[in-house]
There are 2 protein chains.
Amino acid sequence: MATGRTHRPATRSRGIPEATVARLPLYLRALTALSERSVPTVSSEELAAAAGVNSAKLRKDFSYLGSYGTRGVGYDVEYLVYQISRELGLTQDWPVVIVGIGNLGAALANYGGFASRGFRVAALIDADPNMAGKPVAGIPVQHTDDLERIIHDNDVSIGVIATPAGAAQQVCDRLVAAGVTSILNFAPTVLSVPDGVDVRKVDLSIELQILAFHEQRKAGEEAAGEPGAVAGNPEDPGQGPDGDVPAVMPA
Amino acid sequence: MATGRTHRPATRSRGIPEATVARLPLYLRALTALSERSVPTVSSEELAAAAGVNSAKLRKDFSYLGSYGTRGVGYDVEYLVYQISRELGLTQDWPVVIVGIGNLGAALANYGGFASRGFRVAALIDADPNMAGKPVAGIPVQHTDDLERIIHDNDVSIGVIATPAGAAQQVCDRLVAAGVTSILNFAPTVLSVPDGVDVRKVDLSIELQILAFHEQRKAGEEAAGEPGAVAGNPEDPGQGPDGDVPAVMPA
DNA sequence: ATGTCTTTGTGAACGCGTGCACAAAGATGG
DNA sequence: CCATCTTTGTGCACGCGTTCACAAAGACAT
């Protein structure tokens, strides 16, 4: 789960569970694909397979939105696309600013998935004066000094932070002070924000570490029955009673 | 959370819950920062604050690893860094290939967070013949034709997919066939993989959509008490008993 | 040694999310 | 109109994860 939220107890907005909300974009994507192929209706079984989830879960998810299906037939694709879009707030325009136009920021600016779903890159912001005015993805980069004005002029409420870790909290504070209430954070830092501000984080390094854990486990398991495994590290699961004292470990 | 796994029921490897595994990298990062400041010990309260979690949760997480704390004092920073690194499998070298060297792939190749944690970018692979040989982040890009050989020669078990959605499943199949057992997927598609292969996905668009949902909810809530809200869409939360009829009605 | 004080480690309760399994609803055919 | 068949919507039970609250463990001072 690359994603995590800041505290706040429940967040069950109007009864729609958080887990369901997280899956709605998945359903929406599958439905959009069906819509483009002019498929009129789809059963929970088919759609669930396309979205990679359990069909019962999908039906329960949709039940939170209302009863939009027809028994014996399935769901009307167009209708469902509309309902989910509306529920997610994608029927309106969301201006977004991206702060930190390095490799990642540029990649995000160029990412087509934003524009296609109601998100509009309203501005690119970077602290490097040399970047100012230079167009990235057809949008001229602006300097950090103008951050507050940009947020205000474009009525931005969603900000994307793609700066180095050291600058992230400071940028975050300025975004929030300027009125941003939702932040997507790519910097490897824990951001602290006041109540009422949502933060989601995407941490590439953490994802890889989680994969490494499972990878190691898999290697350890098959090494148990099969001595000469792939990437053999001889001492791992033995579990010495007190653990060996470390050498100085890398960062 | 931008992250999700493919099915598989439990995955509680040796008793360490999945949720705990996902937090270990977070603790590790905070501990590393402390270590660099030569802080010798840290209490669960302090560390939890730094990692942005509940202190009880942190203690329970650590309890799955063993009893590494000292009551009345706290945890030894260096020791804990080592233990978590070992648990996550970061004491060994993980060669990684990145497939799809577009904007995002290049950003990933340049991302410093990989190298610092035992992950080594073993190769960059792209389908564009014009890219072949061109260095990105100091590493020459290789052509997709050589994918299987590259995986094999470098004994790669972790692959990163940063291709367009259309190519992702095909690349995935080839990676898996070549021996990759863990995949980090940035393409906006649901990948299907055989049992035993772990997939984590990072989907930028989905993260934004989840933020938009909460943003809309916030706007709706404050609009209830305050008529002239920010981005006013006049008809949203009233919640007509049956929802308003969409443009196209189902049969 | 003994008492006090801090902090860990964990038992237990609670809530959320998941998946099964089935009844109700509607389509379809005769 | 009735029977049958398909597919939804959901009641229910179970398991995981979170949080509280506290006893046990050790440090430290006297």
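Not measured: the values here are computed from a predicted model. Note on naming: letters A, B, ... go to the chains in the order of the sequence lines (proteins, then strands), and numbering restarts at 1 for each one.
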For the helix from C:dA1-D:dT30 to C:dG30-D:dC1, how many degrees between its two end axes (five pairs per end), to the nearest 10°?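 End-to-end axis angle: 10°.
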Could you check whether B:Y75 gets within reach of a base, just the sugar-phosphate, or nothing at all, counting any heavy atom under 4.0 Å?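 Since only primed, P, OP1 and OP2 atoms lie under 4.0 Å of B:Y75, the category is sugar-phosphate.
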Tell me whether the centres of the aromatic rings in A:Y79 and A:Y68 are closer together than 6.0 Å.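 So the answer is yes for these two rings.
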For B:S182 and B:D198, test the side chains for any donor-to-acceptor distance below 3.5 angstrom and give the result as yes or no.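 Distance-only check fails for B:S182 and B:D198.
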Given C:dA21, C:dG9, D:dT8, the nucleotide with the shortest approach to the side chain of A:S44: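 So the nucleotide nearest the side chain must be D:dT8.
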Nearest to the A:K60 side chain among D:dA21, D:dC12, C:dA27, which nucleotide is it?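 The answer is D:dC12.
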Most 5' of A:G66 and B:R59 on DNA chain D, judged by nearest nucleotide: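 Closest to the 5' end, via its nearest nucleotide, is A:G66.
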Under 4.0 Å between a side-chain N/O of [X] and OP1 or OP2 of [N], yes or no?
X: B:K57; N: D:dT19; answer: yes
X: B:N54; N: D:dC20; answer: yes
X: A:R23; N: C:dT18; answer: yes
X: A:S43; N: D:dT7; answer: no

Looking at the base of C:dT7, is there any donor atom on it, or on the side chain of B:R71, that sits under 3.5 Å from an acceptor on the other one?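 Flag unset: no donor-acceptor pair detected.
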Hey, which of these two, A:A19 or B:F62, hits DNA chain C nearer its 5' end, going by closest nucleotide?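 Its nearest nucleotide lies further toward 5', so the answer is B:F62.
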Rounded to whole angstroms, how far apart are CD on A:E18 and P on C:dT18?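 To the nearest whole Å, that distance equals 12 Å.
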